[in-house]
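This report concerns only the one structure given below.
Below, chain A is the first sequence line, B the second, and so on; all start at residue 1.
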Number of protein chains: 2
Amino acid sequence: MVNKNKTLLNEIKEILKSKDIKPSYQRIMVYNYMKNHRNHPSVDTIFKAISGSIPTLSKTTIYNILNFFAKKGIVDTLTIDKNEVRYDFIKTPHAHFMCKICGEIFDIHLKSDVCLKDFVEGHKVEDAHVDFKGVCKGCL
Amino acid sequence: MVNKNKTLLNEIKEILKSKDIKPSYQRIMVYNYMKNHRNHPSVDTIFKAISGSIPTLSKTTIYNILNFFAKKGIVDTLTIDKNEVRYDFIKTPHAHFMCKICGEIFDIHLKSDVCLKDFVEGHKVEDAHVDFKGVCKGCL
DNA sequence: ATTTCAATCTGTAATGAGTTCAATTACATA
DNA sequence: TATGTAATTGAACTCATTACAGATTGAAAT
């Protein structure tokens, strides 16, 4: 088990190196968290989750790493929640649904090409998001 | 001119009354601003714009009024900008483009039915938004 | 090994949007 | 005019995020 974890972390190390990112322990742990938890976490959620493994961890470091990962195209920055930024491990384009009651964000598998445009009305598109808000299945 | 303004403000008064909203001077002024400025303003923008006409105006009042207007379906709450909430006078469904350079938000006239769904994957939809971010025509 | 240097990390302080709350004001009705 | 409810005000507060300066790391050079 320890060996298996070590192997997984080494894999992440290689992934980061291949993207020209120095694989610090903190970056590896954030990447590992994002890869294994598709819960659209906030900075605070990630901090609480991994600070146990890194006693000296600073929240500022999580901010730095996520901004850096966003610039490198590893995570997507979701502004669907007006209280705090949420982050998403980048995969195939999809929409999001945020519950106004419980705050959870769900992936929505939507057939739509709006996320694939390069330009809209003359403006250069870098990010595209389709966001729904309401009451989720569980809270209904 | 003074008479014409007075007529316009009286029209707004009637609109608010018809929606079961007590037409205070502050509410009339915020409604008037939103109707005439389609620039997706923040609370601060509106405050700066109309506080000249209402010397005692408090920013808390703008927050109260906009939240109330949102509940009444008069304005739409845009969370596209992670720094501050922006507000949109509700009209026919459309998408938005926000420029990462100048911060301006543009209306995008998009043929898409994603905004018209009542349910997605079992979740009850109350709001739907299609947001683009990038570099606007002017900043390119 | 030691030095060097840049990149990264850390923690504190500052910023600023948004909320809370108690006191004041406005307004409709009796 | 009196009364009660709703709306407004402003100060204090919360809390996510940023700024910044000092400490640490790690790789390359000597």
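Regarding A/Lys17, its NZ atom lies at a distance of 12 Å from the C1' atom of D/dA27, rounded to whole Å. Atom CG in A/Asp20 sits about 14 Å away from atom C1' in C/dA7, given to the nearest Å. Taking atom CG of B/Leu16 as the reference point, atom C1' of D/dA6 lies 15 Å away to the nearest angstrom. Put simply, CD1 on B/Ile21 is 22 Å from P on D/dT5, counting in whole angstrom units. One can place OH of B/Tyr31 at 18 Å from P of D/dA7, the figure rounded to the nearest angstrom. Atom C1' of nucleotide D/dC15 and atom NZ of A/Lys48 are separated by 12 Å, given to the nearest angstrom. A/Ile54 has its CD1 atom 14 Å from the C1' atom of D/dT25, to the nearest Å. The nearest whole Å value for the distance from the CD1 atom in A/Ile65 to the P atom in C/dA7 is 17 Å.
A 4.5 Å side-chain heavy-atom check between A/Lys91 and A/Asp107 finds at least one atom pair inside the cut-off. Two residues are said to be in side-chain contact when any heavy atoms from C-beta on lie closer than 4.5 Å; B/Phe89 and B/Arg38 meet this criterion. For the pair A/Lys100/A/Val135, no side-chain contact is recorded, criterion being any heavy-atom separation below 4.5 Å from C-beta on.
A/Gln26 has no side-chain polar atom (N or O) that falls below the 4.0 Å cut-off from OP1 or OP2 of D/dT25. Here B/Ser24 does not reach the OP1 or OP2 of D/dA7: none of its side-chain N or O atoms lies under 4.0 Å away.
Scanning for side-chain hydrogen bond (donor to acceptor under 3.5 Å, both in side chains) contacts around A/His123 gives an empty result, with sequence neighbours left out. Every residue was checked against the side-chain hydrogen bond (donor to acceptor under 3.5 Å, both in side chains) condition with A/Asn67, not counting sequence neighbours, and none meets it.
Side chain of B/His129 to backbone of B/Asp127: no donor-acceptor contact under 3.5 angstrom is found.
Inspection of the A/Asn36 and A/Tyr31 side chains reveals no N or O donor paired with an N or O acceptor under 3.5 Å.
In terms of position on DNA chain C, the residue among A/Ser58 and A/Phe68 whose nearest nucleotide sits closer to the 5' end is A/Phe68.
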Nucleotide by nucleotide, nucleotides 15-30 of chain C touches protein heavy atoms under 4.0 Å in the pattern (B base, S sugar-phosphate only, - none) --SBBB----------

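If you check every strand for non-hydrogen atoms under 4.0 Å, A/Thr61 touches a base.
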